[in-house]
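We name chains A, B, ... by the order of the sequence lines, and we start the count at 1 in each one. Any value given below was found using the heavy atoms of this structure, including those in side chains, with hydrogens, waters and symmetry copies removed.
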Amino acid sequence: MLRWLALAAALLPASLGAYPEYHAFVVKNSGRPINCALCHRHADGPDGAAPGQLGRLTSEAQERLGRARSAFEPGVKVDSPILNAFGNHMVQVLGRKQLMELKMAPEQLAERLPADSDLDGDGIPDVRELRDGTHPLNRNDGHPWLLFRHNLMRNLTQIALTLAATAAGLWGLSHWLRGFAAATQIKDEEEESESA
Amino acid sequence: MNLLAFIQRAETYLGERLPVRKLNYDALVRKKEVPVHRLSWGYYLGGLALFFFAVQVVTGLMLLFYYQPTVSDAHASVEFITEHVPGGALVRNMHAWASSMMIAAVMVHLLTTFAMKAFARPRELTWVSGVLLLFITLGLGFTGYLLPWHQIAVNATKIGLQSIEEVGAYLPGALAEWPRLVKETIQGEASVGQATLSRFFALHVVLLPLAMVAVLALHLFSVQLHGMSQGVDEPPRRKEKFFPAFFIKDLSVWGVAFMVLFVVALCVPFESFYAYPLFEPYDPKSSTPDGIKPEWYFYFIYYPLEILPFWVVLLLSLAAGVGLCCTPWIFRHTSRRTLRLLAVLGALYLVIMTLFGEHIYRLFKG
């Protein structure tokens with residue numbers, strides 16, 4: 001039964017699996033261009049025959065897709081082969097039913113997702129990344145100021161050690177240079193007094 | 001004028017510009033002095049640019065161990081450096097941030113040198129070599145932009161190369177073909193591809209750095225021979241010894257610059273300022289993503305190109321280029337007060353175009 005359900009779900013038109021309303025909302029809200037790679041495995045979305053698209057799925061992947069498409073209620077662990085970890089996370093947290101309902105009010109999507117989830121561990125919650133149009137699975141992509149704050153706190157020890165090493169190096173070098181200058185000055189004075 | 005007189009004049013000219021008799025320990029170290037006045041901070045900018053260049057060389061050499069200059073592997077190798085090589089993300093970020101900081105330092109150095117009239121006789125060669133260094137630095141920025149082979153890199157390079165070809169439409173006769181030839185020579189094939197990447201790699205890693213070192217040597221040699229220019233109209237009240245006082249301060253500035261660069265490179269990925277689709281591997285079959293533009297240091301010419309007719313920008317760029325190269329002769333009799341005003345106007349233009357260029361573009365284009 002499950003196998004038939006999965007096959008039927010996999011044969012549904014791709015548009016049922018894609019959510020252009022969310023795409024449009026994120027672009028409008030953030031002012032940043034995004035693509036389908038925010039939630040899908042492929043940047044062009046599920047349609048096509050490239051890896052991560054519907055035309056390239058094996059029978060095992062089609063089964064996984066079917067299970068994901070039949071996850072209408074929240075809490076079902078899914079591993080859709082056309083979605084990335086963030087897309088699967090959304091399906092798991094909200095369920096497809098709620099995801100489809102929210103297409104009419106895409107601004108509510110971020111409010112319904114857990115506020116503390118940070119899949120890429122860059123210190124910026126996924127919901128904030130969704131609003132900002134930055135990638136929730138790329139730790140190099142995020143609001144620059146938020147990344148700065150998070151990374152600064154994370155690397156405080158390394159920064160303190162580097163600062164200490166730089167300061168100590170400069171202190172030593174400047175004393176060595178002053179010493180060198182003083183020694184040559186003494187030598188000059190000695191030569192001058194000898195010649196006088 | 002006969003040949004002998006010409007040679008004698010050339011010898012006198014060069015002798016004044018490159019006084020090699022000063023090439024001794026006393027003149028270069030023991031007795032060298034630096035004027036102290038309200039614009040003295042300008043004397044540290046050249047050294048700062050040199051420091052960032054040194055960082056570029058060191059981090060660039062490190063990146064060379066892993067970078068693959070092929071269209072199939074370039075993006076993956078950059079990703080490998082960032083994600084898997086220990087310290088790779090830091091080194092790559094330092095390379096990217098230092099390039100921006102170097103260009104910023106070079107631009108401010110040029111403006112302060114102009115404002116201080118440090119190009120005046122006998123420092124014409126110092127100025128001209130400095131302008132050459134600016135062009136080489138921008139060339140390094142342009143060629144380095146393509147190497148990661150992502151969407152923004154390839155598409156922005158295509159636009160840049162296309163602009164070269166467009167110049168041909170405004171040239172007469174046989175000259176009209178030259179820009180196309182230049183573009184094809186740089187590009188290496190019909191479209192931006194492997195040949196282009198190989199050429200940009202060679203330019204970025206070998207030819208331009210070698211040119212940079214050669215011109216930099218001339219520039220530094222000239223600076224050392226002439227010493228720091230007075231910089232202000234009134235004679236400086238005080239002078240300090242170049243060695244060790246100024247030299248230690250210079251090193252301290254380098255230390256501060258290193259710490260700023262280190263913290264910024266460690267904490268802010270350079271790519272975070274752009275939308276993520278721009279950093280996906282370049283795919284000639286996929287559509288061009290929105291938001292393609294050059295690096296921030298080309299905004300001063302990119303936004304005018306988007307707003308004004310091409311020929312207007314071409315004429316203005318030509319005038320600015322010639323003006324920059326001939327500054328020592330054009331502004332020979334101009335007062336420092338006027339030069340400072342012009343430098344402030346130039347700085348304002350650069351800042352406004354860099355920070356608000358997009359807003360101005362939207363204002364004009366809707």
Side-chain angles (χ1 to χ4, degrees), chain A residues 26-27 30-38 42-44 48 50 122-124 129 132-156 158-159 162-171 173-182 184-185 188, chain B residues 25-26 29-31 78-79 82-83 87 89-90 92-93 96 151-152 241-281 283 285-293 358 362:
Chain A
V26 172
V27 171
S30 66
R32 273 188 166 216
I34 63 162
N35 61 16
C36 299
L38 195 74
H42 198 280
D44 291 338
D122 63 359
I124 308 174
E129 298 229 46
D132 288 348
T134 57
H135 206 296
L137 300 175
N138 183 347
R139 63 189 168 86
N140 292 318
D141 192 44
H143 192 287
W145 174 244
L146 297 178
L147 284 179
F148 175 75
R149 272 195 343 200
H150 173 74
N151 290 330
L152 187 71
M153 297 316 290
R154 203 167 60 113
N155 297 305
L156 217 48
Q158 286 92 326
I159 292 170
T162 311
L163 181 64
T166 309
L170 276 174
W171 187 81
L173 193 59
S174 63
H175 274 256
W176 184 78
L177 290 170
R178 281 202 188 97
F180 182 80
T184 51
Q185 202 177 345
D188 284 351
Chain B
Y25 188 69
D26 266 2
V29 181
R30 270 187 187 160
K31 291 180 180 164
V78 171
E79 220 165 55
T82 313
E83 298 296 333
L90 175 66
R92 194 181 156 226
N93 255 333
Q151 289 281 8
I152 192 169
K241 285 259 191 188
F242 175 82
F243 186 84
F246 181 84
F247 190 60
I248 288 172
K249 283 185 194 170
D250 218 6
L251 285 178
S252 307
V253 171
W254 287 25
V256 173
F258 170 74
M259 274 316 297
V260 171
L261 175 66
F262 179 77
V263 171
V264 169
L266 196 63
C267 300
V268 191
F270 196 72
E271 296 168 354
S272 63
F273 289 91
Y274 296 88
Y276 73 84
L278 300 172
F279 296 101
E280 286 172 352
D283 177 5
K285 283 178 255 168
S286 73
S287 53
T288 309
D290 292 332
I292 297 291
K293 50 183 161 182
E358 194 160 343
R362 283 191 193 146

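- Judged purely by atom type and a 3.5 angstrom limit, Arg32(A) uses its side chain to pair as donor or acceptor with the backbone of Tyr274(B).
- Across Thr162(A), Asn155(A), Ile159(A), the residue that shares the most heavy-atom pairs under 4.5 angstrom with chain B is Thr162(A).
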With side-chain contact (heavy atoms from CB on, under 4.5 Å) as the criterion, how do Val263(B) and Leu152(A) come out once you've worked through the C-alpha distance, each side chain's angles and the decisive distance to 0.1 Å?
CA-CA 8 Å; Val263(B) 171; Leu152(A) 187 71; 4.0 Å; yes
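- Within the 4.5 angstrom heavy-atom criterion, only side-chain atoms of Phe262(B), from C-beta onward, approach chain A.
- Counting heavy-atom pairs closer than 4.5 Å to chain A, the top residue among Asp290(B), Val268(B), Leu266(B) is Leu266(B).
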As a quick check of understanding, evaluate side-chain contact (heavy atoms from CB on, under 4.5 Å) for Glu271(B) and Asp141(A), giving each step before the final call.
CA-CA 7 Å; Glu271(B) 296 168 354; Asp141(A) 192 44; over 6 Å; no
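- Interface residue Leu173(A): only side-chain heavy atoms are found under 4.5 Å from chain B.
- Only the side chain of Leu170(A) comes within contact range of chain B, with at least one heavy atom under 4.5 Å from a heavy atom of that chain.
- One finds the CG atom of Leu146(A) at 10.0 Å from the OG atom of Ser272(B) (value rounded to the nearest 0.5 Å).
- Side-chain contact between Ser174(A) and Leu251(B) is absent, with no heavy-atom pair separated by less than 4.5 Å.
- Put simply, CZ on Arg139(A) and OG1 on Thr82(B) are 8.5 Å apart, with the number rounded to the nearest 0.5 Å.
- Proximity to chain B (any heavy atom under 4.5 Å) is restricted, for Thr166(A), to the side chain, taken from C-beta onward.
- Once rounded to the nearest 0.5 Å, the distance linking CH2 of Trp176(A) with CD1 of Ile248(B) reads 11.0 Å.
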Mind running side-chain contact (heavy atoms from CB on, under 4.5 Å) on Thr184(A) and Val29(B) for me, showing each step along the way?
CA-CA 11 Å; Thr184(A) 51; Val29(B) 181; over 6 Å; no
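- A distance of 7.5 Å separates CG in Asp44(A) from CG in Asp283(B), rounded to the nearest 0.5 Å.
- Shortest non-hydrogen contact noted between Cys267(B) and Asn151(A) is O-ND2, 2.8 Å.
- Neither the backbone nor the side chain of Pro289(B) comes within less than 4.5 Å of any heavy atom of chain A.
- Heavy-atom minimum distance, Glu83(B) versus Asn140(A): OE2-ND2, 3.6 Å.
- Panel note: side chain Tyr276(B), backbone Asn35(A); a donor-acceptor pair is recorded below 3.5 Å.
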